[in-house]
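Each residue takes its place number in the sequence, starting with 1. Fair warning: this is a prediction, and the values are worked out from it, not measured in the lab.
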Amino acid sequence: MELLTRLKPKLEALTDRIRRMAHSSRTQGPIEGSLSGRVLHAMDDAILVTDMALKIVEINPAFTRVTGYSRKEALGQAPGMLSSGRHDKKFYEGLWHALISNGYWKGTIWNRRKNGEVYPEWLSINTIKDPSGEATHYLATFSDLSHQKSFQNQIHLLAYYDSLTGLPNRELFSDRLNLSISQAHRDLEMLALFFLDLDHFKAINDSLGHSTGDQLLRSIATRLSSSLRESDTVARLGGDEFTVILSGITSHEHASAMAEKIQGCFKQPFQIGQRELFIGTSIGISLYPEHGSDTETLLRHADSAMYRAKEKGKNQYSIYDASMGSQYERQIALENDLREALDNNQLKLVFQPIIDLATGKITTLEVLVRWTHQERGEISPNLFIPLADETGLILQLGDWILDTACRQMAEWLRHKTGINICIALNISVQQLGSEQFMERIESTLQRNGLPPELLELEIPESTLMTDNRVVIESLKKIKALGAQITINDFGIGFSSLINIKRLSIDKLKIDESLVHDLDSDDSHQQLLMTVINMAHNLGLIASAKAIENQEQLDLLKRLGCDQAQGHLISPPLPIEELTSIQIDNRHEYDHLESPCPLMTDSCMETE
């Protein structure tokens with residue numbers, strides 16, 4: 001950008017010189033033989049000059065090199081002969097509005113050569129006036145961006161386009177949004193700004209490497225661009241954040257429909273090398289003029305709405321409302337509150353039973369963390385767990401969960417409550433990558449007098465693809481210690497069967513997305529049966545979660561699934577309720593009729 005700033009006076013001087021040359025041609029006749037004409041013909045950038053009727057009156061040799069049209073073919077024609085057909089009416093209306101209002105227009109445009117080839121160019125159009133101020137000509141200067149021949153072109157691409165995806169970057173996005181706002185204001189129309197943040201992209205980057213992450217970002221950019229109109233702008237702001245500018249939005253319902261269309265782009269897997277990767281996106285939406293009348297306000301409000309969508313869970317969208325406030329301020333405040341909650345022991349654990357589908361016996365209690373904020377009430381784990389992961393607090397949070405869960409299990413054993421089954425803890429990639437992780441597990445088990453066989457560690461499916469030496473060594477040490485390893489959310493597209501065997505995995509916990517549509521889609525049943533059979537062929541336990549109705553449970557039994565959990569069986573229960581109902585392996589639940597068979601009447605009331 002510094003280099004561009006230094007060049008700007010020279011470029012402006014050159015433009016002014018060309019204006020004078022064009023004026024000279026009007027007052028003194030053809031310019032071929034003049035000094036200014038010789039300079040014009042020697043320039044690398046293409047030049048065309050039109051009269052006020054938009055008829056071409058002058059070009060230079062660079063024009064012919066770029067477009068393929070000779071001087072004879074171009075003179076007297078309209079610049080529309082170069083039109084690519086890629087820009088709609090609104091694009092050109094915006095261009096002319098800026099040209100008439102400001103006297104100039106600059107930007108990237110797609111044009112077509114004589115041979116039919118479409119190419120991008122950086123175009124600058126200026127209005128030329130005589131000494132009395134009357135407009136006499138239009139001067140267009142353009143550079144072919146397809147071959148990157150000129151230094152100026154490279155500067156432009158670096159300044160305005162994302163080098164990874166080729167999409168407009170934050171700078172060009174701001175220009176496009178400003179232009180779109182001007183058009184919407186003039187035409188009394190609505191405008192929608194979508195802010196997209198990919199769900200769990202960090203896990204892909206951490207486990208599969210940045211090269212795979214970069215390829216995925218490029219594929220996402222291509223799919224988004226191809227699914228929207230030419231008049232819509234898709235931009236990458238950085239990292240895994242994208243924006244979409246949509247004109248002609250008529251209502252909140254229209255914006256919601258477009259959000260669902262964009263989310264539909266992510267339903268099919270992305271083919272990255274030999275892998276198929278599934279990923280979702282959280283979308284925040286702000287509308288002009290309802291939620292703001294300038295770029296900064298619309299972007300801030302769309303960002304806040306995206307943050308609210310994250311709170312709902314994976315693959316959600318949310319339209320801004322005034323109650324959301326500033327996303328950045330909310331996140332900073334929430335991070336500080338989470339640190340305080342960890343320091344002051346304000347979190348609590350709940351336990352969700354996992355049953356053996358063949359016997360109805362409880363085999364495991366999955367340990368989940370809950371946070372009740374003093375002012376904001378219940379904070380969704382979908383919100384504070386990713387925040388902990390992003391800020392590094394996941395290590396402190398993970399240590400607290402491990403220590404608290406083991407102390408509770410030791411207390412149950414000491415008081416002979418009958419609860420002597422496994423506890424399952426969710427472990428992050430960051431924890432596995434910590435050099436001290438295994439030392440913490442061993443010391444915690446030893447301090448509480450627990451055998452390792454009572455500990456089950458659930459790891460993300462993406463962990464199987466990691467090349468991180470520390471992570472791999474941690475998994476091997478977990479097995480050597482005697483604890484069990486479960487792959488969580490299995491079936492979202494990351495796994496390697498070779499690594500499942502190499503790391504001696506014990507159980508596959510099937511992703512809830514494969515369970516939810518079982519009763520409505522035969523293909524889901526076939527896919528689920530394939531996953532269950534694969535687990536059995538590898539000597540693993542197949543476990544399903546998020547069971548919500550009797551039909552899902554019955555089908556899982558028929559398909560041979562080994563274990564299950566979900567609200568149909570029991571929601572996550574606080575410690576005192578688990579202890580009060582004396583869970584042990586003598587309880588059987590072969591015939592689940594009530595929505596919550598493990599709960600007492602008092603539990604039902606608290607819900």
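The main-chain N or O of Asp389 is found under 3.5 Å from a side-chain atom of Gln430 such that the two form a donor-acceptor pair. Although no hydrogens or angles enter the test, the distance criterion places a donor-acceptor pair under 3.5 Å between the side chain of Gln352 and the main chain of Ser570. Judged purely by atom type and a 3.5 angstrom limit, Asn549 uses its side chain to pair as donor or acceptor with the backbone of Glu551. Lys261 places a side-chain N or O within donor-acceptor distance of the main-chain N or O of Ser227, the cut-off being under 3.5 Å. In this structure, Glu276 contributes its side chain and Phe270 its backbone to no donor-acceptor pair below 3.5 Å.
Using a 4.5 Å heavy-atom threshold, the side chains of Leu299 and Phe173 count as touching. Contact check for Met438 versus Leu481: side-chain heavy atoms found under the 4.5 Å cut-off. Under the 4.5 Å side-chain criterion, counting only non-hydrogen atoms from C-beta, Lys476 is not in contact with Lys479. For the pair Ile532/Asp562, no side-chain contact is recorded, criterion being any heavy-atom separation below 4.5 Å from C-beta on. Contact of the Asn426 side chain with the Glu366 side chain is registered, since non-hydrogen atoms from C-beta on lie closer than 4.5 Å. For the pair Leu395 and Trp400, the minimum side-chain heavy-atom distance is 4.5 Å or more. Residues Ile285 and Tyr320 are not in side-chain contact: their nearest non-hydrogen atoms beyond the backbone lie 4.5 Å or more apart. Side chains of Asn169 and Leu237 form no contact here, defined as non-hydrogen atoms less than 4.5 Å apart.
Here the closest heavy-atom approach between residue Ile319 and residue Ala305 is recorded as C-CB, 4.1 Å. Here the closest non-hydrogen pair linking Leu198 and Lys310 is O-NZ, 3.3 Å. Scanning all heavy atoms of the two residues, the minimum distance from Ala542 to Ala535 falls at CB-CB, 4.0 Å. Closest of all the heavy-atom pairs between Ser474 and Ser434 is OG-O, 4.5 Å. For Ala564 against Leu357, the heavy-atom pair with the smallest separation is CB-CD2, 3.8 Å. Nearest heavy-atom pair, Arg370 versus Pro572, reported as atom, atom and distance to 0.1 Å: NH2-CG, 3.7 Å.
For the 3.5 Å distance criterion, the side chains of Ser282 and Gln316 fail to qualify, holding no donor opposite an acceptor. One side chain, Thr165 or Asp162, offers a donor N or O that lies under 3.5 Å from an acceptor on the other. Glu340 and Asn336 share no side-chain donor-acceptor pair at under 3.5 Å. For the residue pair Glu458 / Thr486, no side-chain donor-acceptor distance below 3.5 Å is found, with atom types taken as modelled.
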* Mind running side-chain contact (heavy atoms from CB on, under 4.5 Å) on Thr363 and Ile421 for me, showing each step along the way? => CA-CA 6 Å; Thr363 64; Ile421 51 184; over 6 Å; no
* Kindly determine whether Leu349 and Phe351 satisfy side-chain contact (heavy atoms from CB on, under 4.5 Å), including the steps that lead there. => CA-CA 7 Å; Leu349 296 183; Phe351 300 80; 4.2 Å; yes
* Test side-chain contact (heavy atoms from CB on, under 4.5 Å) on Ile355 and Gln565 and set out the steps. => CA-CA 7 Å; Ile355 65 170; Gln565 69 187 99; over 6 Å; no
* To do: Test Val367 against Val350 for side-chain contact (heavy atoms from CB on, under 4.5 Å), laying out the working first.
  => CA-CA 6 Å; Val367 179; Val350 292; over 6 Å; no
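Using a cut-off of 4.0 Å between Lys/Arg side-chain N and Asp/Glu carboxylate O, Glu442 and Lys477 are scored as not salt-bridged. By the 4.0 Å N-to-carboxylate-O rule, Asp511 lies too far from Lys545 to be salt-bridged with it.
Counting heavy atoms of neighbouring residues, nucleotides and ligands inside a 6.0 Å radius, atom CD of Gln446 does not exceed 12 of them. Residue Glu439 places its CD atom among 12 or fewer non-hydrogen atoms of other residues, nucleotides or ligands, all under 6.0 Å distant. Residue-environment remark: CD (Glu378) exceeds the threshold of 12 foreign heavy atoms within 6.0 Å.
The structure places NE2 of His301 at 8.0 Å from OG of Ser286, a figure rounded to the nearest 0.5 Å. Taken to the nearest 0.5 Å, the CG atom of Leu455 stands 11.0 Å off from the CG atom of Asn448. Here the CD1-CG distance, from Ile541 to Leu508, works out to 10.0 Å after rounding to the nearest 0.5 Å. Going from atom OG1 of Thr281 over to atom CG of Asp240 covers 8.0 Å, rounded to the nearest 0.5 Å. Separation of atoms CD1 (Ile283) and CG (Asn315) is listed at 7.5 Å; rounding is to 0.5 Å. Atom OG1 of Thr404 sits about 6.5 Å away from atom CG of Asn345, to the nearest 0.5 Å.
Residue pairs that meet the salt bridge (Lys or Arg N to Asp or Glu O under 4.0 Å) test with at least one member in residues 392-404, sequence neighbours left out, are Asp399-Arg440, Asp403-Arg407, Asp403-Arg447.
Partner of Ile401 under the side-chain contact (heavy atoms from CB on, under 4.5 Å) criterion, out of Leu368, Val369, Ile427: Val369 alone.
For the ring-ring contact (aromatic ring centres under 6.0 Å, His included) test, residues two or more places apart in sequence or in another chain that qualify with Phe384 are Trp371.
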